[in-house]
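To start, the structure itself, in structure tokens.
Everything quoted here is computed from the prediction, not taken from an experiment.
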Amino acid sequence: MKKQSFMDKLEEKLMPMAAKISGNAHLQSIRDGFALAMPLLIIGSMFMLISNFPIQSWMDLLRSTEVNGNTIASYFSAATNATFTIMSIFVVIGIGYAYGGKLKVNQIFSGIVSLVAWFILMPFSFEFTPEGSEEALTVNGLSFDWLGSKGVFIGIISAFLAVRIYKIIIDKGLVIKMPAGVPPTVGQSFAALLPAAFVMTAFVLIRFIFSLTPWDNAFNFVYSVLQLPLQHIGGTLTAMILVYLFAHILWFLGIHGTNITDSMFMPILYALSAENLAKVNAGQLPENIINVQFQNLFATYGGAGSTLSLLIVAVLIAKSKRLKQLSKLSILPAIFGINEPVIYGLPIVLNPLLMVPFILVPTINIIISYVTMNIGLVPIPNGVIMPWTTPPIVSGFLSSNWQGAVLQLFLIALGCLIYYPFVVAIDKNNLIQEEELANESEEA
């Protein structure tokens, strides 16, 4: 009987777990829900970036120039407030929509019911202390805190619970069926009537139950008991390293590891980024080092494994036809964060020679980036969400000023040094294979 290698054992243990996680309807819905909200979050962040572009004279101009009694900066802030500041609304609709698709019920109504259920649980008043006053006033209205990052986790829970109740009522047959000939839109609306009523009734009951507790409402409970502890844990260097370690092991086995880890980790990172953006919008310094920008802009370059460094080395030194051609074709997509050609074409998947640098380089990037930001050498990312395809150097400058661009350049160069001996070994091996094939062809 053939003895199993370490890689065989690792694959045997991780493959079923990864398949189970990647196939989980709840995690897929979270991922897809955030994906639906992503365009609006990026656009809102871009307006924030314009009004806070890291040139002091530009920021002073926008904040001092008034049009119709409002500064130019305030007009840009309106776009941010209409998108990123109320991000939880889009996330709740997106997750409800995606989860409705998984449960095979009307997706539009699933998203709407999720939003209504979430609003039922939300407190409709908040405390506000006027400037120059020491006494807080109770104001009727919706707090931007709950509409923004603080409401994300309760939004996720509300969407899952609302759509699940909606599905149960439909399966029980408790729907109003309209006669034939009624327009489909009208029929769907009446079919959603009773399920939506059950959902709303259930959430009214939940609101009442929480009003009897010390937390007063479900939002306070979820934020203090679940979200805040998770943000503290997820916002640590250790958590980021462990998440990336797991993701890269899955990548090495041929599984899209980032898709799996993002579905669990992204809600935490988005909440941390939103807090940073709120600080910047208020003229303060961001505090959360770990966030979406940190992951997307400072952990890897050229995709998983930070393979842009590998390709730069290959373009410069490769002598074998295979590696030379592959690196030339792959380096342009890698600049924009796309590296499937090198992951599966080199390949990196199940290639023991490349496992060490593939995991080591992102880990070093994370540690160095965290330390430099923690000691103040590089500004903490400002919370502006940029497309993950934004090239390095540019993204570093927009997120953390010129220091961020320099850090990215340094990390890419350091990655080249780490990958260099491994690229040399692969190139030599390819040359040997190419010579053997050439000899066999001549003999034939």
Side-chain angles (χ1 to χ4, degrees), residues 24-47 78-124 141-170 185 188-189 191-193 195-204 206-207 217-219 222-223 226-227 262-264 266-271 273-274 277 292 385:
N24 184 276
H26 297 86
L27 295 179
Q28 288 180 345
S29 298
I30 292 174
R31 180 196 65 202
D32 296 344
F34 273 96
L36 288 171
M38 180 65 71
L40 295 175
L41 299 182
I42 291 176
I43 293 169
S45 294
M46 289 299 107
F47 277 98
T80 304
N81 291 335
T83 51
F84 208 100
T85 306
I86 56 173
M87 62 177 289
S88 289
I89 294 178
F90 311 124
V91 170
V92 171
I93 294 174
I95 293 175
Y97 181 91
Y99 193 49
K102 302 296 180 187
L103 298 186
K104 309 297 182 185
V105 293
N106 188 294
Q107 290 182 273
I108 296 295
F109 284 109
S110 295
I112 294 172
V113 165
S114 298
L115 183 64
V116 170
W118 181 65
F119 272 126
I120 289 174
L121 297 182
M122 185 179 294
F124 277 73
L142 298 176
S143 169
F144 276 128
D145 285 346
W146 296 130
L147 296 173
S149 62
K150 288 179 68 175
V152 167
F153 276 73
I154 181 66
I156 293 171
I157 296 169
S158 297
F160 287 145
L161 182 57
V163 176
R164 175 56 68 179
I165 295 173
Y166 187 85
K167 166 71 171 174
I168 290 172
I169 301 305
I170 289 178
T185 305
Q188 291 174 5
S189 298
L193 190 61
F198 274 95
V199 172
M200 294 174 67
T201 303
F203 275 78
V204 168
I206 294 171
R207 182 185 178 101
N217 59 71
F219 275 71
V222 170
Y223 182 73
L226 177 63
Q227 182 171 343
D262 277 0
S263 60
M264 297 179 284
M266 269 299 176
I268 297 172
L269 296 181
Y270 271 112
S273 286
L277 194 65
V292 175
I385 302 294

**OP:** Take Ile43 and Thr83 through the test side chain to side chain contact (heavy atoms under 4.5 Å, CB included) and record every step on the way to the result.
**Re:** CA-CA 8 Å; Ile43 293 169; Thr83 51; 5.5 Å; no
Original post:
How far apart are the C-alpha atoms of Arg164 and Ile168, what are their side-chain angles, what is the distance that settles it, and do they pass the side chain to side chain contact (heavy atoms under 4.5 Å, CB included) test?
Top reply: CA-CA 6 Å; Arg164 175 56 68 179; Ile168 290 172; 4.2 Å; yes
Original post:
Under the side chain to side chain contact (heavy atoms under 4.5 Å, CB included) criterion, do Thr85 and Leu147 qualify, and how do the steps go?
Top reply: CA-CA 7 Å; Thr85 306; Leu147 296 173; over 6 Å; no
**OP:** Apply the test side chain to side chain contact (heavy atoms under 4.5 Å, CB included) to residues Ile170 and Phe198: give CA-CA distance (whole Å), side-chain angles for both, the deciding distance (0.1 Å), then the verdict.
**Re:** CA-CA 10 Å; Ile170 289 178; Phe198 274 95; over 6 Å; no
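Of all heavy-atom pairs spanning Ala159 and Gly96, the tightest one is CB-N, 4.0 Å. The shortest heavy-atom contact between Trp118 and Gly151 is NE1-O, 3.5 Å. Scanning all heavy atoms of the two residues, the minimum distance from Lys167 to Val105 falls at CD-CG1, 3.7 Å. Considering all non-hydrogen atoms of both residues, Ala191 and Pro195 come closest at O-CD, 3.2 Å. Taking every heavy atom of both residues into account, Val204 and Ile120 meet most closely at N-CG2, 3.8 Å. Tyr166 approaches Ala192 most closely through the heavy-atom pair OH-CB, 3.4 Å.
Listed for the Ser29 side chain is no donor-acceptor partner under 3.5 Å among the backbone atoms of Ile95. No side-chain donor-acceptor contact under 3.5 Å links Arg207 to the backbone of Ala218. No donor-acceptor pair under 3.5 Å is formed between the side chain of Lys102 and the backbone N or O of Ala25. Looking only at distances, no side-chain donor or acceptor of Ser110 sits under 3.5 Å from a matching main-chain atom of Tyr97.
Atom CZ of Phe203 has more than 12 heavy atoms from other residues, nucleotides or ligands within 6.0 Å.
Interatomic distance, CE of Met87 versus CZ of Phe34, reported as 5.0 Å (0.5 Å rounding). Note that CE of Met266 and CZ of Arg31 are 12.0 Å apart. Values are rounded to the nearest 0.5 Å. For the atom pair Ser88 OG and Phe219 CZ, the distance stands at 8.0 Å (nearest 0.5 Å). Distance check: Ile206 CD1 to Asn217 CG gives 13.0 Å after rounding to the nearest 0.5 Å. With rounding to the nearest 0.5 angstrom, the CG atom of Leu40 is 11.0 Å from the CD1 atom of Ile89. From Ser189, atom OG reaches atom CD1 of Ile108 across 11.5 Å, with rounding to the nearest 0.5 Å.
Ring geometry for Trp146 against Tyr223 counts as perpendicular: the plane angle is over 60°, on a 0 to 90° scale with 30° as the lower cut. The aromatic rings of Phe160 and Tyr99 sit perpendicular to each other, their planes meeting at more than 60°, with 30° as the lower class boundary.
Phe90 has its side chain out of reach of Leu36: every pair of non-hydrogen atoms, C-beta onward, lies at least 4.5 Å apart.
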